[in-house]
There are 2 protein chains.
Amino acid sequence: MRKKTRENTNESAVTRLRQAGLRPTRQRNELADLLFRDGNRHLTAETLHAEAVNRGIRVSLATVYNTLHQFTHVGLLRQVMVDATRSYFDTNTVEHQHFYYEEDGTLADIPGSDIGVANVPDAPNGTKVSRVDVVVRLRRN
Amino acid sequence: MRKKTRENTNESAVTRLRQAGLRPTRQRNELADLLFRDGNRHLTAETLHAEAVNRGIRVSLATVYNTLHQFTHVGLLRQVMVDATRSYFDTNTVEHQHFYYEEDGTLADIPGSDIGVANVPDAPNGTKVSRVDVVVRLRRN
DNA sequence: CAATTACTTTAGAATTATTCTAATGTAACT
DNA sequence: AGTTACATTAGAATAATTCTAAAGTAATTG
Ligand SMILES: [Mn+2]
Ligand SMILES: [Mn+2]
Ligand SMILES: [Zn+2]
Ligand SMILES: [Zn+2]
């Protein structure tokens, strides 16, 4: 029987945060747990907040936004731009590409990193490539 | 010396609109003129509205939004998603890719359509690819 | 070429996603 | 334990975009 005390909160989340130089606070621990426990996820701040509240985690929407941005800055998350109205965060920070289901606004990793982006031209003078994003937009047929 | 009458408004814009099944109204004519006269452009609604007002064209911001979306629906424009806070419209509707200058929020076409996206996987069951977007994000170095 | 109809424009209000503020709480350090 | 630095939060504020419904204009009709 495990302890149910505060000390018990997901140790790997705490470690992850410490390594990233972020204080492992209660809300950061619990959000990290939601984000990383069940593998790769693509979600919005609203989505994550709803999920947290749903599981009885008390955290404000502002903190969810703060946390998602902090996690992104330290490289635990990556932000994906596919929809003008929502901002998606991705727990998969390895280089990969996305399918975007336009109808339902859903994102999915393209399996097997098979897409190759060939002949990416040199970055213009004085610039360097920070990232190459590929989004394959899908429609139901 | 050209006529300065209403009849004189950019005939190609009028034709373009008629072909697209849109009524050539004064504001649509003038916006189409701004958009397509000077070649390829990447702009936001606010940008276009400011430019219009600047040239003495009287048009509301709501109409600029309406018009940009209508033009997009009929294929005269294409919407590009690169920044969570702004929505860009592109007068180049031919398949091509973009450089995005993260610092100044500027978009540019990648010249010579040299980028090849290889091994795009089959669209999942019941879906078809509507578009493949490639954005090369650049940072100053 | 008026009258009628259908579509368009617009000001301003409303909505939505996100950020800010400044007060309160908690983690880390001494 | 006390102090300090950083984090959380409610609610207000902002910014981009959309909506509403009233007034205007283009197209069609007789
Ligand atoms: Mn993923
Ligand atoms: Mn927004
Ligand atoms: Zn992903
Ligand atoms: Zn372009």
Side-chain angles (χ1 to χ4, degrees), chain A residues 5-7 9 11 13-32 34 42-50 52-53 56-74 76-77 79-89 105, chain B residues 5-7 9 11 13-32 34 42-50 52-53 56-74 76-77 79-89 105:
Chain A
T5 68
R6 179 67 203 303
E7 307 306 313
T9 25
E11 189 52 41
V14 174
T15 308
R16 208 188 296 260
L17 291 171
R18 281 242 155 72
Q19 284 179 339
L22 293 172
R23 283 191 186 175
T25 65
R26 176 174 58 76
Q27 15 291 82
R28 291 210 275 229
N29 292 339
E30 291 173 319
L31 291 176
L34 284 182
H42 301 91
L43 35 75
T44 66
E46 290 278 0
T47 297
L48 179 58
H49 182 246
V53 167
I57 299 171
R58 283 187 54 261
V59 59
S60 74
L61 181 56
T63 297
V64 172
Y65 272 106
N66 290 339
T67 302
L68 287 173
H69 285 131
Q70 291 152 354
F71 283 15
T72 300
H73 280 123
V74 301
L76 292 175
L77 290 177
Q79 204 168 353
V80 184
M81 230 94 270
V82 277
D83 177 348
T85 64
R86 300 164 185 289
S87 204
Y88 285 87
F89 293 85
Chain B
T5 67
R6 177 68 202 301
E7 307 306 316
T9 24
E11 188 52 40
V14 173
T15 308
R16 207 187 296 260
L17 292 172
R18 282 242 154 73
Q19 283 180 341
L22 293 173
R23 282 191 186 174
T25 66
R26 176 173 58 75
Q27 14 295 80
R28 290 210 275 232
N29 292 340
E30 290 172 321
L31 292 175
L34 284 181
H42 301 91
L43 35 74
T44 67
E46 288 278 0
T47 298
L48 179 58
H49 182 246
V53 167
I57 299 171
R58 285 185 52 259
V59 60
S60 74
L61 181 56
T63 296
V64 172
Y65 273 105
N66 290 340
T67 301
L68 287 173
H69 285 130
Q70 290 154 354
F71 283 15
T72 301
H73 280 123
V74 301
L76 293 175
L77 290 177
Q79 202 168 353
V80 183
M81 230 94 270
V82 278
D83 177 348
T85 65
R86 300 164 185 289
S87 204
Y88 284 88
F89 293 85

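We name chains A, B, ... by the order of the sequence lines, and we start the count at 1 in each one.
Between A/N29 and A/P24 the shortest heavy-atom distance is OD1-CB, 3.3 Å. When all heavy atoms of A/R26 and A/R58 are compared, the pair lying nearest together is NH1-O, 3.1 Å. For B/H49 against B/V59, the heavy-atom pair with the smallest separation is NE2-O, 3.0 Å.
A straight line from CZ of B/F71 to C1' of C/dT8 spans 13 Å, rounded to a whole angstrom. As a whole-Å value, the separation of B/L22 CG from C/dA6 P is 19 Å. Rounded to whole angstrom, the span from the CG atom of B/L61 across to the C1' atom of C/dT15 amounts to 15 Å. Between B/I57 atom CD1 and C/dT9 atom P there is a gap of 13 Å when expressed in whole angstrom units. Note: CD (A/Q70) to C1' (D/dT8) measures 10 Å, nearest angstrom. The separation between A/R86 atom CZ and C/dT15 atom C1' is 14 Å, rounded to whole Å. Atoms CG (A/L48) and C1' (C/dT18) sit 15 Å apart, rounded to a whole Å. For B/N66 and D/dA16, the CG to C1' distance is 14 Å, given to the nearest whole Å.
Which of D/dT18, D/dT17, D/dT9 sits closest to the side chain of B/H69 comes down to D/dT18. Considering only the side chain of A/T25, D/dT8 comes nearest among D/dT8, C/dT18, C/dT10. Nearest nucleotide to the A/R23 side chain, out of C/dT26, C/dA6, C/dT18: C/dT26. Of all nucleotides listed (C/dT19, D/dA27, C/dT10), C/dT10 comes nearest to the side chain of B/A62.
For C/dT26, the OP1/OP2 oxygens have no side-chain nitrogen or oxygen of A/R26 closer than 4.0 Å. At C/dT10, one or more side-chain N or O atoms of B/T63 fall inside 4.0 Å of OP1 or OP2 (strictly under the cut-off). Regarding contacts with the backbone of C/dG25, every side-chain N or O of A/Q27 stays at 4.0 angstrom or more from both OP1 and OP2.
Within the nucleic acid shown, A/T44 has no heavy atom closer than 4.0 Å to any nucleic acid atom.
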Would B/V82 and A/M81 satisfy side-chain contact (heavy atoms from CB on, under 4.5 Å), going step by step from the backbone distance to the final call? CA-CA 6 Å; B/V82 278; A/M81 230 94 270; 5.6 Å; no
If you apply the rule side-chain contact (heavy atoms from CB on, under 4.5 Å), what do you find for A/L61 with A/E46, and how did you get there? CA-CA 7 Å; A/L61 181 56; A/E46 290 278 0; 3.8 Å; yes
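Projected onto DNA chain D by closest heavy-atom contact, B/Y65 and B/R18 fall at different nucleotides, the more 5' of which corresponds to B/Y65. Nearest-nucleotide positions on DNA chain D place A/V59 closer to the 5' end than the other of B/E46 and A/V59.
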